[in-house]
Amino acid sequence: MPRLKVAAILKDGPIGTEVDLRGWVRTKRESKQGFAFVELNDGSSLKNVQVVVDKSVPGYDDFLKLLTTGSSIRVVGEVKASPAKGQSIEVHARELTVYGTADAEKYPLQKKGHSFEFLRDIAHLRPRTNTFGAIARVRNAVCAAIHDFFQSRGFLYVHTPIITTSDCEGAGQMFQVTTLDLARLAARQPGAPTDIDYAQDFFGKRASLTVSGQLEGETFACAVGDIYTFGPTFRAENSNTTRHLSEFWMVEPEMPFYDLNDNMQLAESFIRGIIRAVLERCPDDMQFFNERIDKTILATLENIVSHDFLRLSYTEAIEILESSGQTFEFPVKWGLDLQSEHERYLTEQKFQKPVILYDYPRAIKSFYMRANDDGKTVRAMDVLVPRAGEIIGGSQREERLDVLIARVQECHLNPDDYWWYLDLRRYGTVPHAGFGLGLERILLLLTGMTNIRDVIPYPRTPKHAEF
RNA sequence: GGGUCGGUAGCUCAGCGGCAGAGCAGGUGUUUGUUAAGCACCCGCGCGUGGGUUCGAGUCCCACCCGUCCCUCCA
């Protein structure tokens with residue numbers, strides 16, 4: 001007798017076969033007439049399978065009390081066509097085993113809707129809910145789609161380090177990694193030297209968790225061709241918003257011989273590819289998000305898939321904002337970075353679709369971005385989407401050694417710290433480009449969820465690292 | 001880091017100077033091929049913590065703790 005997952009049984013029965021089912025009870029509707037309906041879920045599908053248990057099942061009377069929401073069971077029974085509305089098939093139990101009970105008075109998950117805020121406090125149980133089960137499946141589908149997208153295009157998956165000693169990635173505040181005895185350092189005598197001797201630390205110098213694999217990624221792109229990295233990324237910024245995590249997952253492709261236009265084209269195809277793959281692979285889950293989370297999500301995604309992204313230079317965006325007639329809290333002026341409210345206006349009000357902004361003022365962008373001939377801008381690009389905001393940031397990289405060194409100095413950085421990065425320009429330099437996509441941000445876009453802490457299993461944010 | 005709103009029953013919330021409430025969940029009974037089942041009854045709240053004002057404080061004041069959301073930073 002085959003042990004089947006719920007998804008398989010719902011997909012193709014087949015009616016008349018004996019099956020072995022294992023999972024967790026979502027709800028039970030009980031009759032004193034001698035039968036009960038049990039909704040069984042095993043995570044393979046958003047949907048439950050209805051199990052009919054009647055008094056012919058050995059131990060029926062005892063089981064009824066045990067089959068509470070959250071209990072785990074094994075059911076052996078026959079797949080039958082269901083005579084009632086709501087499901088086409090159901091399983092008639094012949095034999096039942098309870099693996100584990102769940103005290104109905106204590107089990108936190110009830111047969112009702114819970115707030116996301118409450119569920120965040122019981123993050124170890126929330127994957128048992130419809131919403132978080134669906135998010136887990138969609139997140140998985142996105143990851144698979146990311147690999148499919150790049151693998152089918154001949155990109156190599158490269159693992160860049162999590163621990164880095166290049167204190168120079170420049171993308172944000174870093175978490176320090178150390179084996180130094182902090183308690184002992186803190187207890188030093190007053191008047192003792194306060195500087196830290198990092199030569200005594202584990203790596204012999206100051207080390208941190210990576211804020212980006214880009215620089216290391218470039219070294220492989222400039223050797224083996226198109227590559228991508230995909231892994232955890234850490235930012236020690238004190239950001240308390242629905243769009244920021246201290247630990248998140250980022251995909252960073254890097255392509256030799258790409259210019260900024262090639263880069264934008266790839267980013268756009270990439271986002272489209274992911275959306276298409278998820279719509280195809282997770283129809284039930286996406287339908288659920290559309291019904292329960294955001295009634296416009298399917299229409300929004302279809303719209304994104306079927307229309308080109310709008311491309312605007314930074315300068316054009318400034319002009320649009322200046323002539324918008326809107327009152328913004330922050331000033332709009334060429335040379336100043338765009339604020340959330342400006343990006344929101346463009347994506348949510350003015351155009352209502354993804355917008356790619358490019359050619360930003362050099363003064364507000366990183367040292368490694370390629371300088372344009374106008375002397376004022378660099379070949380940077382951001383992909384902005386409604387609600388989730390910036391989901392991609394990228395650029396063409398500066399491949400000219402002298403220009404790059406000048407930019408490093410202009411940014412008050414020490415070229416010596418970047419000796420290996422500069423070597424890429426010393427030996428066989430090539431034009432190249434790349435970008436970073438925030439996994440959790442595209443999940444916001446896909447699911448309609450509004451808080452990034454709800455699309456990662458165990459969110460890490462300032463003051464929060466429970467579980 | 002700045003701002004904001006909020007902490008009352010297991011959950012979601014109402015009450016905003018005068019005897020602590022509702023819905024849902026849970027329990028019991030009953031009804032029903034049920035569908036977030038129906039009906040009846042029952043259980044359940046030292047109102048975030050500590051001070052203060054008052055005859056009287058969930059309710060007003062102050063401090064603190066915890067959380068939400070927005071902004072800055074970015075993906």
Side-chain angles (χ1 to χ4, degrees), chain A residues 26-39 47-54 65 68-70 80-87 90 92 102-122 129-130 169-173 211-214 230 232-252 267 292 328-330 337-344 364-366 382-385 388-394 435-445 450-456 461-464 466:
Chain A
R26 279 294 175 79
T27 104
K28 169 195 59 176
R29 294 178 291 274
E30 191 182 326
S31 165
K32 287 297 184 301
Q33 301 298 98
F35 61 94
F37 300 99
V38 174
E39 294 283 340
K47 293 174 178 164
N48 307 319
V49 70
Q50 174 165 283
V51 177
V52 183
V53 186
D54 68 29
K65 288 192 190 68
T68 56
T69 300
K80 291 188 176 177
S82 179
K85 286 180 194 152
Q87 60 283 316
E90 60 192 25
H92 287 240
D103 186 341
E105 292 204 53
K106 292 183 184 151
Y107 188 58
L109 294 175
Q110 304 170 353
K111 276 180 5 184
K112 55 166 284 195
H114 291 288
S115 68
F116 292 137
E117 198 178 329
F118 170 68
L119 292 172
R120 233 170 270 150
D121 290 336
I122 49 167
T129 64
N130 286 335
E169 295 184 35
Q173 289 292 109
V211 292
S212 165
Q214 180 199 320
F230 184 13
T233 308
F234 306 87
R235 304 271 168 94
E237 242 95 46
N238 195 1
S239 300
N240 298 287
T241 81
T242 51
R243 304 185 308 283
H244 290 84
L245 290 165
S246 308
E247 175 184 290
F248 63 97
W249 284 65
M250 185 156 66
V251 186
E252 295 179 283
R292 297 298 189 91
F328 296 112
E329 184 187 346
F330 290 87
D337 212 350
L338 296 182
Q339 302 296 328
S340 288
E341 57 175 346
H342 307 136
E343 298 178 352
R344 276 180 191 277
I364 59 173
K365 287 294 183 181
S366 302
D382 284 345
V383 180
L384 311 176
V385 298
E390 181 182 343
I391 59 172
I392 281 180
F435 61 81
L437 169 118
L439 178 68
E440 288 77 17
R441 291 216 177 148
I442 201 170
L443 276 164
L444 293 179
L445 175 69
T450 53
N451 193 322
I452 202 163
R453 290 164 232 182
D454 296 329
V455 295
I456 188 168
T461 55
K463 302 277 188 287
H464 295 276
E466 196 55 71

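We name chains A, B, ... by the order of the sequence lines, and we start the count at 1 in each one. This is a predicted model, so every value here is computed, not measured.
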(request) Would you check if A:Phe37 stacks with the base of B:G33, given a 5.5 Å centroid limit and a 30° plane limit, both strict? (result) no
(request) Taking only the side-chain nitrogens and oxygens of A:Arg29, find out if one of them lies under 4.0 Å from OP1 or OP2 of B:A37. (result) yes
(message) Please give the distance between the P atoms of B:C47 and B:G58 as a whole number of Å.
(response) 7 Å
(request) Determine, using ring centers only, whether A:Phe330 and A:His342 are less than 6.0 Å apart. (result) no
(request) Looking only at side-chain atoms of A:Ile452, point me to the closest of B:A75, B:C70, B:U12. (result) B:A75
(message) For a quick check, tell me whether the side chain of A:Gln50 and the base of B:U34 share a donor-acceptor pair closer than 3.5 Å.
(response) yes
(message) Does any part of the side chain of A:Gln110, heavy atoms only, come nearer than 4.5 Å to the side chain of A:His114, both counted from C-beta?
(response) yes
(message) Under 4.0 Å, heavy atoms only, any strand: does A:Leu245 hit a base, just the sugar-phosphate, or nothing?
(response) base
(request) Could you say whether A:Gly393 or A:Thr450 is positioned toward the 5' end of RNA chain B, judged by the nucleotide with the nearest heavy atom to each? (result) A:Thr450
(message) Of the options B:A37, B:A75, B:G33, whose atoms approach the side-chain atoms of A:Val52 most closely?
(response) B:G33
(message) At less than 4.0 Å, is any side-chain N or O atom of A:Ser340 found next to OP1 or OP2 of B:U72? Yes or no.
(response) yes
(message) I need a per-nucleotide contact map over nucleotides 21-30 of chain B, read 5' to 3'. Cutoff is protein heavy atoms under 4.0 Å; write B for the base, S for backbone only, - otherwise.
(response) --BBSS----
Polar atoms only, N or O, under 3.5 Å: list the protein pairs with nucleotides 43-49 of chain B and their distances.
none

(message) Can you tell me the base-pairing partner of B:C41? Count Watson-Crick or G-U wobble geometry only, both distances below 3.5 Å, and say none if there is no partner.
(response) B:G27
(request) Could you work out the separation of B:G38 and B:U49 based on their P atoms and round it to a whole Å? (result) 35 Å
(message) Both distances below 3.5 Å, Watson-Crick or wobble geometry, any strand: find the nucleotide opposite B:C69.
(response) B:G3
(message) Classify A:Arg344 by what it touches in the nucleic acid, base, sugar-phosphate, or nothing, heavy-atom distance under 4.0 Å.
(response) sugar-phosphate
(message) Less than 4.0 angstrom from a charged side-chain N to a carboxylate O is my criterion; do A:Lys28 and A:Glu30 meet it?
(response) yes
(message) Mind checking if A:Ser239 touches a base, just sugar-phosphate, or nothing, with heavy atoms under 4.0 Å?
(response) base
(message) Measure CZ/A:Phe118 against P/B:G67 and give the value in whole Å, please.
(response) 16 Å
(message) Regarding A:Phe330, tell me which of base, sugar-phosphate or nothing describes its non-hydrogen contacts under 4.0 Å with the strands shown.
(response) sugar-phosphate
(message) Once you apply a heavy-atom cut-off of 4.0 Å, does A:His92 come out as touching a base, just sugar-phosphate, or nothing?
(response) base
(request) For A:Glu39 and A:Thr27, run side chain to side chain donor-acceptor pair (under 3.5 Å): C-alpha distance rounded to whole Å, both residues' side-chain angles, the deciding distance at 0.1 Å, then the answer. (result) CA-CA 5 Å; A:Glu39 294 283 340; A:Thr27 104; 5.7 Å; no
(request) Using the P atom as the reference point in each nucleotide, state the distance between B:G52 and B:G67 in Å, no decimals. (result) 28 Å
(message) Between B:U28 and B:C64, how far apart are the two P atoms, rounded to whole Å?
(response) 48 Å
(message) Taking B:G27 as the reference, what is the distance to B:A63 when you measure between their C1' atoms (whole Å, please)?
(response) 43 Å
(request) Examine B:U35: is either OP1 or OP2 under 4.0 Å from a nitrogen or oxygen in the side chain of A:Arg26? Give yes or no. (result) no
(request) Take atom P in B:G10 and the same atom in B:C55, then report the distance between them in whole Å. (result) 35 Å
(request) In whole angstrom, give the distance that lies between atom CG of A:Asn451 and atom C1' of B:C69. (result) 9 Å
(request) Ignoring the backbone of A:Arg235, work out which of B:U12, B:A37, B:C74 is nearest its side chain. (result) B:C74
(request) Rounded off to whole Å, could you give me the CG-to-P distance for the A:Asp337 and B:C74 pair? (result) 6 Å
(message) What's A:Ser82 touching, base or sugar-phosphate or nothing? Going by heavy atoms closer than 4.0 Å.
(response) base
(message) Applying a 4.0 Å non-hydrogen cut-off, can you work out what A:Gly389 is touching in the nucleic acid: base, sugar-phosphate, or nothing?
(response) nothing
(request) Could you work out the separation of B:A9 and B:C42 based on their C1' atoms and round it to a whole Å? (result) 15 Å
(message) Let's see if you can work this out: which of B:C11, B:G33, B:C74 has an atom nearest to the side-chain heavy atoms of A:Pro83?
(response) B:G33
(request) Indicate whether OP1 or OP2 belonging to B:C69 is found under 4.0 Å from a side-chain N or O atom of A:Arg453. (result) yes
Check the interface with nucleotides 3-7 of chain B: list each N/O to N/O pair with the protein under 3.5 Å, or write none.
none

(message) It should be established whether A:Arg120 places a side-chain nitrogen or oxygen under 4.0 Å from OP1 or OP2 of nucleotide B:U68.
(response) yes
(message) Tell me if B:G58 is syn or anti. Syn = glycosidic torsion within 90° of 0, anti otherwise.
(response) syn
(message) What is the separation between atom NZ on A:Lys85 and atom P on B:U35, rounded to the nearest whole Å?
(response) 11 Å
(request) Please report, rounded to the nearest Å, how far the P atom of B:U72 is from the CZ atom of A:Arg243. (result) 7 Å
(request) Take A:His92 and A:Glu90 through the side chain to side chain donor-acceptor pair (under 3.5 Å) test and state the conclusion after the steps. (result) CA-CA 7 Å; A:His92 287 240; A:Glu90 60 192 25; 2.7 Å; yes
(message) I'd like the P distance from B:A20 over to B:A57, given in whole Å.
(response) 11 Å
(request) With a 3.5 angstrom cut-off on both distances, give the Watson-Crick or G-U wobble partner of B:U59, or none if there isn't one. (result) none
(message) Distance check needed: B:A75 P versus A:Lys365 NZ, whole Å only.
(response) 7 Å
(request) Under 4.0 Å between any heavy atoms, over every strand shown, what does A:Glu341 touch: base, sugar-phosphate, or nothing? Just pick one. (result) nothing
(message) Regarding A:Gln87, tell me which of base, sugar-phosphate or nothing describes its non-hydrogen contacts under 4.0 Å with the strands shown.
(response) base
(message) Just to be sure I understand the rule, does A:Glu90 reach a base, reach only the sugar-phosphate, or reach nothing, if contact means heavy atoms closer than 4.0 Å?
(response) base
